[in-house]
Enquirer: 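Have a look at this one.
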Amino acid sequence: MTVYDDIYEIVRQIPRGKVATYGQIADLAQLYGKARLVGYALYRVDPKSDIPWHRVVNAKGEISHSSLRYGTDYLQKALLEEEGVEFSPEEKINLRQYLWQAPRQAEDTH
DNA sequence: GTCGTGACTCGAT
DNA sequence: AATCGAGCCACGA
């Protein structure tokens, strides 16, 4: 059991057509201020996994990626568009509209 | 064992 | 509004 498992669980809870930021996920995982771990966790995950990694974007609403890995930037944008998420001319997402409103006290379900 | 880097975020200038 | 720097933890060399 690692902190990554919590991150994965949270990412899986992101509803279709919504997006979440690294910082938000980190907060839900009780990792406030450690958003980099979230990015690292998603870096470790494979596109074929059950985790909707494409619904995770940075705080600016843009698609972030390390390097030219699998062209995941385009894939992510395509997947989000299929879910109904619109991109600005600058290829940004309007977080005011599409940001996932995480359930209150998600980290303390018991 | 140390050192550097990374799908990030925030506060201050 | 945009840019710079510091902070956080895990992993690879």
Side-chain angles (χ1 to χ4, degrees):
Chain A
M1 191 62 176
T2 64
V3 294
Y4 299 121
D5 293 325
D6 294 335
I7 294 171
Y8 298 148
E9 282 296 311
I10 293 167
V11 174
R12 283 179 192 157
Q13 291 173 26
I14 302 174
R16 191 172 185 275
K18 291 282 185 178
V19 297
T21 64
Y22 295 95
Q24 187 175 9
I25 293 169
D27 185 20
L28 293 174
Q30 296 184 324
L31 297 173
Y32 180 74
K34 307 166 193 153
R36 310 193 89 184
L37 298 188
V38 179
Y40 212 95
L42 291 177
Y43 168 79
R44 303 275 297 168
V45 103
D46 289 325
K48 62 181 178 62
S49 69
D50 300 354
I51 301 171
W53 57 269
H54 57 272
R55 293 182 190 146
V56 183
V57 296
N58 59 17
K60 292 170 288 191
E62 290 186 350
I63 297 173
S64 298
H65 62 111
S66 62
S67 296
L68 303 178
R69 191 153 178 75
Y70 302 103
T72 51
D73 54 345
Y74 174 79
L75 179 61
Q76 182 169 9
K77 180 170 179 280
L79 290 171
L80 290 175
E81 284 182 334
E82 265 190 63
E83 296 187 353
V85 178
E86 297 182 36
F87 282 77
S88 302
E90 300 176 1
E91 305 207 5
K92 291 184 184 177
I93 300 172
N94 185 357
L95 297 178
R96 297 287 183 180
Q97 183 176 0
Y98 295 108
L99 182 63
W100 172 46
Q101 295 182 356
R104 185 167 55 83
Q105 294 179 341
E107 77 288 354
D108 185 25
T109 54
H110 188 286

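Below, each value reflects all heavy atoms present in this structure, side chains not excepted, and no hydrogens, waters or symmetry copies. Every value quoted in this text rests on a predicted model; they were computed, and no experiment measured them. So you know, we letter chains A, B, ... as the sequences are listed, proteins then strands, and number each from 1.
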Enquirer: Report yes or no: do A:I14 and A:I7 belong to one cluster of Ile/Leu/Val/Met/Phe/Trp/Tyr joined by side chain heavy-atom distances under 4.5 Å?
Expert: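 Yes: a chain of side-chain contacts under 4.5 Å links A:I14 to A:I7.
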Enquirer: How many whole angstroms separate atom OH of A:Y22 from atom C1' of B:dG6?
Expert: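 For the pair A:Y22 OH and B:dG6 C1', the rounded distance is 11 Å.
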Enquirer: May I have the distance from A:L28 (atom CG) to B:dT9 (atom P), rounded to whole angstrom?
Expert: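 So the CG-P distance, A:L28 to B:dT9, works out to 13 Å.
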Enquirer: When every nucleotide of nucleotides 4-10 of chain C is labelled 5' to 3' by its protein contacts under 4.0 Å (heavy atoms), B for base, S for sugar-phosphate only, - for none, what sequence of letters results?
Expert: ---BBBS
Enquirer: Is there a donor-acceptor pair closer than 3.5 Å between any side-chain N or O of A:Q24 and the backbone N or O of A:W100?
Expert: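 Here the side-chain-to-backbone pair exists.
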Enquirer: Work out which heavy atom in A:N58 is nearest to a heavy atom in A:T21; give both atom names and the distance.
Expert: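 Heavy atoms of A:N58 and A:T21 come nearest at O-CG2, 3.7 Å.
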Enquirer: What pair of heavy atoms forms the shortest contact from A:Q76 to A:I63, and how long is it?
Expert: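 Nearest pair, atom of A:Q76 first, then A:I63: OE1-CG2, 2.8 Å.
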Enquirer: Measure the distance from CG on A:N58 to P on B:dG6 and round it to the nearest whole Å.
Expert: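 About 16 Å, once rounded to whole Å.
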Enquirer: Can you tell me if A:E83 and A:H54 form a side-chain donor-acceptor pair at under 3.5 Å?
Expert: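 Per modelled atom types, A:E83 and A:H54 side chains form a pair under 3.5 Å.
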Enquirer: Starting from P on B:dT9, measure out to CD on A:Q24 and report it in whole angstrom.
Expert: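 It works out to 11 Å between those atoms.
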Enquirer: From NE2 of A:H65 over to C1' of B:dT5, roughly how many Å is that when rounded to an integer?
Expert: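 It works out to 17 Å between those atoms.
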Enquirer: Between atom CG in A:L95 and atom C1' in B:dC10, what is the gap in whole Å?
Expert: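 Nearest whole value for this atom pair: 16 Å.
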Enquirer: Name all residues meeting the salt bridge (charged side-chain N to carboxylate O under 4.0 Å, His left out) criterion together with A:K34; count only those two or more places apart in sequence or in a different chain, and write none if there are none.
Expert: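 With sequence neighbours excluded, A:K34 shows a salt bridge (charged side-chain N to carboxylate O under 4.0 Å, His left out) to no residue whatsoever.
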